[in-house]
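Counting starts at 1 for both ligands and their atoms, following the listed order. What you see below is based on every heavy atom in this structure, not just the backbone, and it leaves out hydrogens, waters and symmetry mates.
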Amino acid sequence: MTQTTIDKVCVIGSGVMGSAIAALIANSSCQVVLLDIVSNDPGGRNAILKKAMENLKHQRPDPLSHFSKLDFIKIGNLEDDLQLISECDIIIEAVVEKIEVKHQLYNKIIPYLKDNAILASNTSTIPLKKLKAGMADSIKSRFIITHFFNPPRYMELLELVLDSEVNSAIIDKIAKFLTINLGKTIIKSNDTPGFIANRIGCYLLELVVRKAIKDDLNPVIIDKIFTNLFKLPNTGIFGLYDLIGHDVMKLISSSLVKSLPTHDNYQEIYLPTLLLDKMLEKNLIGRKGDGGFYRISVVGGVKTKEVIDFSDFTYKPLKDYDMEYNSINELLESSSIYGQFFQDILVKFYLYLIGLIPTVTDNIYDINKAMKLGYSWKIGPVELLYQLKEGFEWIKNQALLKNLPLPPYITNNSYKLIEASKFQFNRINLEESRILLKNNSAELYLYQNRLVVSITTKMNCLNEEVFDLIIQVVELAEERGQDLYIIPLTDYFSAGADLKLIARHIKNNDFVKLEEFLALGQRTMTRLKYSNVNIISCAVGFALGGGCEILLHSDFIVANQELSTGLVEVSIGLAPGFGGIKEMFYRADEENKAKPTITTDGNNNTSLEPQQDKAELTGNFLEKSISKIVINSLKTEQGRLFFENLLQSSNRSISQNDYIIEVNRDLVGTLFKINSFGEGSIGPATCGHVVTIKYQILDTNNNLINEATKTFSLGSWPIIPAIDMITNGMMVGQSRQAVIPPQYAYYNSKYRVENIDHDAYYKVNIMLNSILPNNFVNPAEVKIFDNEIAYKIPLLCGDKVKFAAKITRLSNGEILYDSNKQDKNIEMKIGDINYPLIVSYALHGKVPVGTRTVIAKGKTFKALGSKVNHMLVQDKIEVDEFLMLELSIVD
Ligand SMILES: CCC[C@H](O)CC(=O)SCCNC(=O)CCNC(=O)[C@H](O)C(C)(C)COP(=O)([O-])OP(=O)([O-])OC[C@H]1O[C@@H](n2cnc3c(N)ncnc32)[C@H](O)[C@@H]1OP(=O)([O-])[O-]
């Protein structure tokens, strides 16, 4: 559903940021056009874009909220497809940070902009006024900088840079899109180099790293102090430098140093540092290089974090250090080298930060917020200052002692007007509201004449008082005939039922109170569900357990894109008690009704109904939930006794493994919308088999593009990849008809199918004539178990994959193969005939995470048509014995 007047957005530049911004926008179900330069690659004129789309599927953390969101992105190049720009309401430029390139691009695209389209640059370094130089006034009034943070899907901050020329209607329109559709928090910055967060964040990174190296201090201790005392994210400072990349840091800092005035303190702290230069030379540039300050090594199958030894640039396992300091104050009062180091850097850091007022922004709360949202600081830097015994006075005194100049914000005493309460930013402006009802756990506000309930307990946990107030409020809303909104005042919706309360009841053996609590919760949910006013729940952060159950019982859910929600209690062995499982099923059923279907008319023409918007509830949810509950119960002595008593008549002890549930393997179907015709008796075809097929490729108007009979090995992609993927699983004599999305329709440069448009959907008809060799995996004889369900693009025939594998003989537990023992993961193409057939069978259709356990007969462990078997000595396996294969995907 589009909530603003923005229907289509164009992103230009499919690099790391551009493609991830396109994914973020597609996640909100808004149409995206992603453009880049023409490629000379044999893969076609859009090869750069195809690669970017492919990368989106594999990046971690996932840029896409669901793989079907790729369908919202249409790709094109800047020569053939410029007219696509004229359909777009916003054009976001995310090309290389070179002013000449950007200007050339603007000149090229401006003739295609529709009248009221907004043009935005995602630059992080080039000033707005330079970007706008030479533009016509009619473009200047709708040209802005929208600075996203990396990764755009996960970082809430968006820095918006505008000037007085920008039309106010444009500001309103883009602000609505960024906040409502994309869930971003906007912070306005003046047009100064690096804007707010990077100016401060990179200053701190360079200050700490360069000074620590100069003073010969240990990165591990410094990072531990930052994460433990200052509550910075776990990467610390050195880890973040590695994550950004030393090469990128160099680009950012050099650009900042070049554009900042000569008296700016960045120039002074950006010390020449030989060791950093040497690291760059040796490609020790961080995570994407051969290591950085830290490196992760896999030794004996175990991941080990190591730290650099500057004496010879080797790496040593990380030693843990005891924290000597209990608080920031203790650290700063210490005369240790680390105490002195932190004193020095903190004074410099804060003087720099405060000195940015008013040139960069006149709002100190925005500075605090930018670091929380753009750099994931749990506590903002200005809030942190209040944890120092003397706060601003400490900075002031230290500056005087060290003879450092004080910024105007301190000398004119503006800092004395800071109100600590304003650091917590509420989504509701409480000053505009009036409390109508209240107890110790929840409150009802009248906000802009709407009824709004907010929970006020720790983590917004649900207790009796919360339920009492909600029931009372629903009644009041019905009396007034007004809809009811449930909105958190915090960054999260609710952590669910108050587990401490439940634990107290259990500890006191007070099961009557526990039952009453559950009954009250159920009554509350029922009241929400059957109220005769609308219940609208607005959720951000997390809505876990009972929090999720509130959403499930609401009439409307307004969810932030990054909301984490679910009935998570099953993983700790608790059954959702407030009606969540039932509601999940009702909703899943409704979604199934809305699912896209393939309809086939009398002439066997297939048409695809419109794509649905929501993620589907696939997988055996109920069985998985119950199995998790049982498995977790079995981990406790009481749980085990309970189940053993229950099963006494069967007179056997029980194992957790008895409760692992089979998975379903139909994820491939959600990608291709396959219809099968006929039964067939020989097969099924598995990746690696040599098949002969007759195929037809048709466009969506049923025009025949290509047809032929072809013999090839499944997974070699000789026609278009989708044909191999769809043929997998077919029986000889069977036919399949499928609709394939563009990303699986591109052709292989070796065997060209002419006239394939890289951006279009196609239909294929396949008839399977023969399979060689006649060595098959009979699905009825195979058991497959997964350790998790995930909604990711499944691995398919012909894809490359990296995994660890173990094969165990079930009759005696003998381990026949273990890649971990050989200290090596397997990297193979699904369909490689040098690996056991069962491996390709098990990998096709598996999501690229977690462990898959397969139990199958020895005959399926033979490699296809080859004497080489990279995992087993073939002669050691009996055809009819049962073997267990465990495959764990490696990132
Ligand atoms: C019977 C069926 C009922 C129903 O149907 C199902 C449910 O809702 S079942 C429930 C389903 N829900 C869950 O399973 C979620 C359980 N909670 C979590 O997973 C994490 O706490 C969470 C991810 C929310 C935040 O992580 P984080 O940011 O690292 O923060 P943190 O972890 O450090 O916690 C901060 C403080 O909050 C406290 N507290 C938190 N949650 C609860 C609670 N439910 N209760 C009470 N207290 C809770 C926590 O103890 C701590 O207190 P203290 O005194 O300051 O030490």
Side-chain angles (χ1 to χ4, degrees), residues 154 156 227-228 230-235 372-373 376-380 383 424 440-442 455-468 470 486 488-529 537 539-554 560 562-587 621-622 624-626 628-633 635-636 638-639 642:
Y154 298 94
E156 196 182 318
T227 50
N228 281 22
F230 292 84
K231 306 285 177 222
L232 256 59
N234 285 340
T235 44
K372 281 169 110 169
L373 301 180
S376 300
W377 288 24
K378 221 170 185 172
I379 308 169
E383 281 169 277
Q424 300 309 326
N440 286 325
S441 304
I455 302 166
T456 55
T457 53
K458 184 183 265 184
M459 290 278 160
N460 299 344
C461 286
L462 310 175
N463 61 20
E464 285 104 342
E465 283 186 324
V466 173
F467 291 142
D468 284 341
I470 291 180
I486 305 181
L489 297 178
T490 45
D491 287 342
Y492 44 83
F493 187 74
S494 168
D498 185 337
L499 292 173
K500 289 180 184 159
L501 177 84
I502 295 180
R504 223 172 22 247
H505 289 331
I506 294 173
K507 203 162 153 210
N508 296 339
N509 248 334
D510 198 344
F511 289 93
V512 175
K513 279 233 172 78
L514 186 59
E515 294 278 342
E516 281 172 6
F517 176 59
L518 283 174
L520 177 62
Q522 289 166 6
R523 238 183 6 258
T524 309
M525 301 295 168
T526 316
R527 199 69 189 84
L528 289 175
K529 180 167 177 169
S537 287
V540 286
F542 49 79
L544 306 177
C548 174
E549 290 175 299
I550 292 186
L551 301 186
L552 289 168
H553 288 86
S554 303
N560 180 283
E562 292 313 318
L563 174 72
S564 296
T565 187
L567 300 175
V568 295
E569 55 274 35
V570 293
S571 61
I572 53 164
L574 280 179
F578 302 139
I581 286 202
K582 144 191 79 66
E583 286 305 313
M584 195 73 104
F585 272 91
Y586 285 143
R587 282 176 184 260
F621 173 74
L622 184 64
K624 276 270 170 186
S625 305
I626 293 172
K628 279 203 162 156
I629 291 166
V630 176
I631 287 172
N632 280 301
S633 315
K635 285 182 188 155
T636 66
Q638 296 96 318
F642 172 79

message: Counting only heavy atoms, tell me which of Glu549, Met459, Lys500, Glu569 gets closest to atom 49 (C) of ligand 1.
response: Lys500
statement: Of Ala495, Gly545, Gly496, the residue with the heavy atom nearest atom 12 (N) of ligand 1 is Ala495
task: Would you indicate whether the side-chain heavy atoms of Leu528 and Ile470 approach each other to under 4.5 Å?
output: yes
Would you call [X] a ligand 1 contact, heavy-atom distance under 4.0 Å?
X      : value
Gly580 : no
Leu501 : no
Gly521 : no

- request: Carefully, step by step, assess Phe578 and Phe467 under the rule ring-ring contact (aromatic ring centres under 6.0 Å, His included).
  value: CA-CA 11 Å; Phe578 302 139; Phe467 291 142; 5.4 Å; yes
statement: If we number the atoms of ligand 1 from 1 as shown, the ones under 4.0 Å from a heavy atom of Phe542 are 24 (C)
message: Tyr492: which residues meet the ring pair (Phe, Tyr, Trp, His ring centres under 6.0 Å) condition with it, sequence neighbours left out?
response: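 Tyr492: ring pair (Phe, Tyr, Trp, His ring centres under 6.0 Å) contacts with Phe542.
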Ligand 1 N/O within reach of [X] N/O, cut-off under 3.5 Å:
X      : result
Cys461 : no
Leu499 : yes
Pro576 : no

query: What is the distance from atom CG of Leu551 to atom OG of Ser537, rounded to the nearest 0.5 Å?
result: 5.5 Å
message: I'd like to know whether NZ of Lys513 has more than 12 heavy-atom contacts from other residues, nucleotides or ligands below 6.0 angstrom.
response: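 At most 12 heavy atoms, drawn from other residues, nucleotides or ligands, come within 6.0 Å of this atom.
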